[in-house]
**Student:** 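To start, I am sharing the structure in question, which I have written as structure tokens.
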2 protein chains.
Amino acid sequence: MRDWSQYTPAQMRRAIRQGEYQGPTAGLCMCFAQCNLIALPKALAYDFLLFAQRNSRACPVLEVSDAGSRRLEWLAQDLDLARDFPRYRLYEQGELAGEYTDAEALWRPDLVSFLIGCSFSFEGALLEAGLPVRHIEQGRNVPMYRTNIPCRPAGAFYGNMVVSMRPMTPAQAIRAANVTAAMPRVHGAPIHLGDPSALGIRDIDRPDYGDPVELRSGEIPVFWPCGVTPQNVVTQAKPPFAVTHAPGHMLITDIPNSGLKD
Amino acid sequence: MRDWSQYTPAQMRRAIRQGEYQGPTAGLCMCFAQCNLIALPKALAYDFLLFAQRNSRACPVLEVSDAGSRRLEWLAQDLDLARDFPRYRLYEQGELAGEYTDAEALWRPDLVSFLIGCSFSFEGALLEAGLPVRHIEQGRNVPMYRTNIPCRPAGAFYGNMVVSMRPMTPAQAIRAANVTAAMPRVHGAPIHLGDPSALGIRDIDRPDYGDPVELRSGEIPVFWPCGVTPQNVVTQAKPPFAVTHAPGHMLITDIPNSGLKD
């Protein structure tokens with residue numbers, strides 16, 4: 001088994017593009033920003049951009065492509081948006097219609113891609129601060145949950161927030177809140193900690209996306225807004241066509257996380 | 001002369017709507033957010049929203065209206081976007097075509113209004129921190145300057161950043177940088193301090209918008225990104241039609257500045 005931890009972003013993108021890596025990306029290229037994806041027909045682009053603007057805790061937009069373009073040189077010179085995510089999802093009328101490791105065949109000339117900041121960007125800062133990131137320790141995908149928190153609607157888009165979760169002691173949670181508050185472009189501070197039922201989460205051991213992780217004695221779950229929110233919105237608002245990443249399977253960019261601090 | 005300093009936001013909006021107050025709004029309703037305006041035909045709204053997204057230091061969007069609507073209840077229940085700014089500007093093909101204290105006659109059914117955060121929102125925090133805000137001391141409009149800093153273009157929009165300026169000692173400037181960095185939705189930290197010529201500003205005593213203020217011995221000019229940037233962009237990109245506020249003559253909202261900290 002290869003040691004992916006030493007790969008550069010360009011090397012990881014190449015490995016992903018060539019089908020050599022198809023897994024979740026937490027813990028890879030820790031110093032570089034990763035992105036969530038939602039690609040929508042241009043006719044829906046204004047409504048979604050406004051939705052993201054109104055819900056910037058869950059949907060902090062890092063960049064938007066021109067219609068039909070698979071390139072975004074601001075994120076990486078060699079980027080191919082249709083091939084550089086390890087795994088894609090196709091939604092039709094709000095229904096999950098398939099998962100793909102290559103989205104080239106899905107790419108329409110009217111698709112506008114929204115690249116949204118990812119909490120993986122602050123995990124390096126958490127580890128540097130001596131704070132635990134359990135899904136990295138356990139070699140799993142991050143657990144993510146649908147909540148009862150409504151997003152502010154915009155045009156055709158409405159729906160509830162999705163959150164990611166990391167278990168910590170209360171003292172660790174306080175420090176994590178301070179560390180992540182300094183990085184608003186990758187979701188910033190937690191939105192909740194403690195009782196999952198306050199967010200409408202019934203079983204913390206059964207996440208809606210990703211894998212469950214161990215909650216140890218003395219730990220509470222700490223919840224951050226998550227860039228999978230647009231996928232939940234798609235299942236509720238049912239646009240005719242949308243391509244997203246598969247949760248936890250992100251685009252690795254050449255943007256250093258330190259560049260996301262303002 | 002009336003003492004406007006004790007007016008609530010709703011009372012100030014009413015006074016402005018009735019033509020009783022037509023001046024700059026720095027120092028009024030210090031605890032409440034003020035907004036810059038650019039209203040554009042719906043056909044240009046996506047390009048401008050993307051421009052704002054790509055240039056969020058200068059153009060942090062607080063809210064966007066529906067096409068043709070003069071209301072934005074999220075900012076204030078009684079709001080009338082066409083009457084509640086003390087002074088408006090009309091731009092046609094990028095040329096300043098007139099100034100008005102009431103924009104009702106200009107409002108088109110396809111106008112989308114972008115409300116952009118204003119540095120007046122952090123002036124209360126500066127004063128609380130014991131830092132000087134010279135234009136308030138001197139009872140003047142804030143000085144604003146065109147710079148040589150290019151914004152990132154988006155669709156039809158491109159142009160250079162406008163900055164506001166407040167004189168401080170270097171030690172005060174350092175503290176002001178920390179105070180304002182915590183408020184990214186109202187321009188955040190300064191973009192420059194010291195030598196104006198580094199921004200292409202030739203004469204600090206002749207601002208492009210607003211009034212000059214006194215620079216005292218031992219003080220340096222401190223520059224923040226400014227929500228008048230869209231007006232400079234309009235003069236460069238020349239959209240057929242745009243309505244803006246007159247620089248320094250802002251909308252006073254019911255949103256407390258403390259609510260803009262995340």
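Just so it is clear, the model here is predicted, and its values are computed rather than measured. Naming: A, B, ... by sequence-line order, numbering from 1 per chain.
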**Student:** Measure across Leu49(B) and Leu50(A) and return the closest heavy-atom pair with its distance rounded to 0.1 Å.
**Tutor:** CD2-N, 3.6 Å

**Student:** Would a distance-only check, ignoring hydrogens and angles, find a side-chain to backbone donor-acceptor pair under 3.5 Å from Gln53(B) to Val61(A)?
**Tutor:** yes

**Student:** Quick check: under 4.5 Å, non-hydrogen atoms only, which of residues 147-154 of chain A neighbour chain B?
**Tutor:** Arg152(A)

**Student:** So Tyr46(B) and Asp47(A), do their side chains get closer than 4.5 Å, heavy atoms only?
**Tutor:** no

**Student:** Between Arg54(A) and Leu62(B), is there a donor-acceptor pair closer than 3.5 Å when you use the side chain of the first and the backbone of the second?
**Tutor:** no

